[in-house]
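Within every chain, numbering begins at 1; the chains are lettered A, B, ... in the order of the sequence lines, protein sequences first and strands thereafter.
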Amino acid sequence: MTNDRRMIKAIRGTRDLLPPDTALWNLIETTARDVFRAYNLQEIRTPIFEATELFARGVGEETDIVSKEMFTWEDRGRAASDKAQSLTLRPEATAGIVRAYIEHKLWDRGLNKLFCVGPMFRRERPQKGRYRQFYQIDAEVIGPASAGSDSPARDAEILEMLATLLDRVGLTEWNLELNSVGCPNDRARFNEALRKALGPVKDKMCVDCQRRAVTNPLRVFDCKVPEDQPIIDKLPRIGQFLDEPCRQHFEAVQDILKGVGIPFHINDRLVRGFDYYTRTAFEFTHGGLGAQNAILGGGRYDGLSEALGGPPAPGIGFAIGEDRLVLSLQEKQSAESVTRRPAAYVAPLGAGMNREAARLARELRRQDLVIELGDESFRLKKLFETATKAGAKYILIVGENEAKADSFALKNLATGEQISVPRAELANKIRA
RNA sequence: GUGGGAGUAGCUCAACUGGCAGAGCACCGGACUGUGGCUCCGGUUGUUGCGGGUUCGAUUCCCGUCUCCCACCCCA
């Protein structure tokens, strides 16, 4: 025992998700699972931590995430002869899934359509819509090219699925931003052209752009400084450097999207943060999220498997920022409104009635009714108050008279209507 | 990692220039021992984020620190 009364709090950037908000999280996750099923996606669960090297090689050594935002530690060996191993809490899901694809030779199954729901970890400074432990709903379509994994039809299918999902959870006014970042050759030529174009003008730009012009010219397109925009507008675009196959691929994706009626904007300034992205890159954005306006992002990563030591395995995937989707949704509908309220509150009245009430509650719950159960120590007034507060539709009074008659007082809390219902008919009456 | 703002009851917020920490909602009990929501009465609301300093005295002023919010950065 200790006298230390200091409260232990959730650590920076982590938070507790409490009811009724969790109802909204569940709505999103169950809707996602429903939609994914219609597209024949299946669930994969990978470990929450992996070898640090996986992310270094997969995401890219130079990215901010890998170079300064990972939770990494040395895991000591079990014996003195064992080497310590550097482990990392996953900052994103794709690398782990592709690792599993390679490890379990999932190419034997042809095209893999996988999804994964869970927490990710990045050591960033927290702000609205940005947490150190956050949740992603992630999906990947990956397989050998012979299974059609590199087809633009897959890209369009994923995008159409996402539009369906957002509509289904009730998020309106989303925006699909679409671009192609080409293949590595295209990007190398583009990068060179960018550097060349930036050389004479970069001194007139903001300090961030001057730095980016040297380290990662692509990122210049993220700049939001108004004075820089005229300069950025005159820079070359990745679209001018796509080779013929990449250009046709991008055209085909757009053509299918138009065919299925999914609206999108070409955003030729859209670049992605990870090294592994190729060709199609996209973001769904939503206002009202402040600076973190992307609720989901993704793209194609045709070379990732090989970078991780696997066979060629083109793929496309996305990650939904679940925290951000919840934030966007909360503007539209309250968490209370999606909470499932008890159908009935079983109210044991008088000493010894807990036993009978428990029997009744068990019978009703077995018929898939949401039942809240009171306690015999409560007086009738308190039973009513508790039932009302719980949002129950009915209160079911279980007193001595009722137990004797095997017929129970069922009262509609909203209308005040009360009837006596024999045990066998209770479930139907409550459901009606 | 950088810059700015804010932390007072479970929640939303007051407290003059440094002078006894408050209101509403919520919660608990009673009026009211088999029929609620209304009303009335009563009660707890709390190391004023935490730790120092100045002062007879600090929610108030100073320093440090933690957390949240906003922006940068980055991304989902």
Side-chain angles (χ1 to χ4, degrees), chain A residues 4-15 18 59 63-69 91-94 118-138 162 206-209 211-212 215-216 219 222-225 270-274 277 282-286 289-299 317-328 345 347-351 353 374 376-392 394-403 408-418:
Chain A
D4 197 338
R5 298 272 200 84
R6 277 177 307 184
M7 195 178 11
I8 299 175
K9 295 186 288 189
I11 63 170
R12 180 177 173 79
T14 72
R15 57 194 185 136
L18 306 173
V59 178
T63 61
D64 278 24
I65 286 176
V66 170
S67 63
K68 51 192 189 201
E69 292 175 2
E92 59 95 50
T94 306
M120 307 293 158
F121 306 85
R122 292 181 199 172
R123 205 182 171 290
E124 296 181 276
R125 182 135 163 195
Q127 67 183 71
K128 187 188 189 76
R130 192 167 82 179
Y131 310 97
R132 290 184 168 192
Q133 174 173 339
F134 59 103
Y135 295 82
Q136 288 190 341
I137 299 173
D138 187 276
L162 283 166
C206 66
V207 285
D208 286 323
C209 280
R211 175 179 50 79
R212 285 184 281 227
T215 58
N216 194 350
R219 293 242 79 94
D222 283 339
C223 179
K224 290 162 198 137
V225 177
L270 178 68
V271 290
R272 305 257 76 220
F274 305 154
Y277 282 112
F282 58 88
E283 258 175 31
F284 282 73
T285 59
H286 184 74
L289 278 173
Q292 322 299 326
N293 70 341
I295 57 178
L296 74 90
F318 63 80
I320 301 173
E322 200 176 352
D323 307 73
R324 292 181 187 178
L325 186 50
V326 169
L327 276 174
S328 309
Y345 181 91
L349 186 64
M353 298 315 294
E376 64 186 30
S377 70
F378 295 176
R379 285 188 294 175
L380 191 61
K381 177 188 167 90
K382 182 162 173 179
L383 287 167
F384 268 94
E385 284 172 352
T386 315
T388 303
K389 200 181 305 169
Y394 292 100
I395 185 167
L396 179 63
I397 294 167
V398 184
E400 262 180 67
N401 303 338
E402 286 82 359
F408 300 85
L410 182 68
K411 182 168 186 175
N412 185 315
L413 283 163
T415 66
E417 186 193 358
Q418 180 171 332

Sugar-phosphate only, base, or nothing, as touched by [X] at under 4.0 Å among non-hydrogen atoms:
X	result
Gly298(A)	nothing
Leu325(A)	nothing
Leu349(A)	base
Arg379(A)	sugar-phosphate
Asn401(A)	base
Gly297(A)	sugar-phosphate
Lys68(A)	nothing
Ile137(A)	nothing
Gly350(A)	nothing
Ile295(A)	sugar-phosphate

Protein-nucleotide distance ([X], atom [atom1]; [N], atom [atom2]), rounded to Å:
X	N	atom1	atom2	result
Glu385(A)	G37(B)	CD	C1'	8 Å
Leu396(A)	G34(B)	CG	P	18 Å
Glu376(A)	G34(B)	CD	C1'	15 Å
Glu124(A)	A76(B)	CD	C1'	9 Å
Lys382(A)	G37(B)	NZ	C1'	17 Å
Lys411(A)	G34(B)	NZ	P	13 Å
Asp323(A)	A76(B)	CG	C1'	8 Å
Glu92(A)	C75(B)	CD	C1'	11 Å

[X] vs [N]: side-chain N/O to OP1/OP2 distance below 4.0 Å:
X	N	result
Lys389(A)	C27(B)	yes
Lys381(A)	G37(B)	yes
Arg12(A)	C68(B)	yes
Gln127(A)	A71(B)	yes

Is any side-chain heavy atom of [Y] closer than 4.5 Å to one of [X]?
X	Y	answer
Arg324(A)	Phe134(A)	no
Leu383(A)	Pro348(A)	yes
Ile397(A)	Glu402(A)	yes

- request: Indicate yes or no for a side-chain donor-acceptor contact from Asp323(A) to the backbone of Tyr135(A) under 3.5 Å, with no hydrogens or angles considered.
  value: yes
message: Tell me whether Arg130(A) contacts the main-chain N or O of Arg125(A) through its side chain, where contact means a donor paired with an acceptor under 3.5 Å.
response: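 Flag set: sc Arg130(A) to bb Arg125(A) pair under 3.5 Å.
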query: With nearest nucleotides of RNA chain B determined for Arg324(A) and Ala409(A) from heavy-atom distances, which residue corresponds to the more 5′ nucleotide?
result: Ala409(A)
- request: Nearest-nucleotide wise, let me know which of Gly13(A) and Glu322(A) is further upstream toward the 5' end of RNA chain B.
  value: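 This one resolves to Gly13(A).
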Say we look at [N] and [M]: how far apart would their [atom1] atoms be, to the nearest angstrom?
N	M	atom1	value
C50(B)	C66(B)	P	15 Å
C62(B)	A23(B)	C1'	31 Å
C63(B)	U55(B)	C1'	16 Å
U54(B)	G5(B)	C1'	26 Å
A21(B)	U45(B)	P	13 Å
U2(B)	C74(B)	P	16 Å
U60(B)	A9(B)	P	15 Å
C72(B)	U65(B)	C1'	23 Å

Select one nucleotide: of [options], the one nearest the side-chain heavy atoms of [X].
X	options	result
Phe384(A)	G29(B), A76(B), G36(B)	G36(B)
Gln418(A)	C70(B), U35(B), G34(B)	U35(B)
Glu402(A)	A76(B), G34(B), G36(B)	G34(B)

Kindly compute the distance separating [atom1] ([X]) from [atom2] ([Y]), expressed to the nearest 0.5 Å.
X	Y	atom1	atom2	answer
Leu327(A)	Ile295(A)	CG	CD1	10.5 Å
Ile65(A)	Arg123(A)	CD1	CZ	14.5 Å
Glu124(A)	Glu69(A)	CD	CD	4.0 Å
Phe378(A)	Phe384(A)	CZ	CZ	14.5 Å
Leu413(A)	Tyr394(A)	CG	OH	10.0 Å
Glu92(A)	Asp138(A)	CD	CG	7.5 Å

Donor/acceptor link under 3.5 angstrom from [X] side chain onto base of [N]:
X	N	value
Glu69(A)	G1(B)	no
Arg130(A)	A76(B)	no
Arg123(A)	C74(B)	no
Arg15(A)	C68(B)	no
Thr388(A)	G37(B)	no

- request: Give a yes/no verdict on base stacking between A76(B) and Phe134(A): centres under 5.5 Å, planes within less than 30° of parallel.
  value: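 Stacked: ring centres under 5.5 Å, planes under 30°.
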- prompt: Considering all heavy atoms of both residues, which atom of Glu376(A) and which atom of Gly350(A) are nearest to each other, and what is their separation?
  reply: CB-O, 3.4 Å
task: Treat a base pair as Watson-Crick or G-U wobble with both distances under 3.5 Å, then lay out RNA chain B in dot-bracket form, 5' to 3', with | for cross-strand pairs.
output: (((((((..((((.....[..)))).(((((.......))))).....(((((..]....))))))))))))....
query: Does CD belonging to Gln418(A) count more than 12 external heavy atoms closer than 6.0 Å?
result: yes
message: Here's a test for you: under side chain to side chain contact (heavy atoms under 4.5 Å, CB included), which of Thr285(A), Leu162(A), Ile137(A) qualifies with Leu296(A)?
response: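 Of all the options given, the one that passes is Leu162(A).
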message: Counting primed atoms plus P, OP1 and OP2 as sugar-phosphate and everything else as base, spell out the protein contacts along nucleotides 2-11 of chain B at 4.0 Å heavy-atom distance: B, S or - for each nucleotide, 5' to 3'.
response: BBB-------
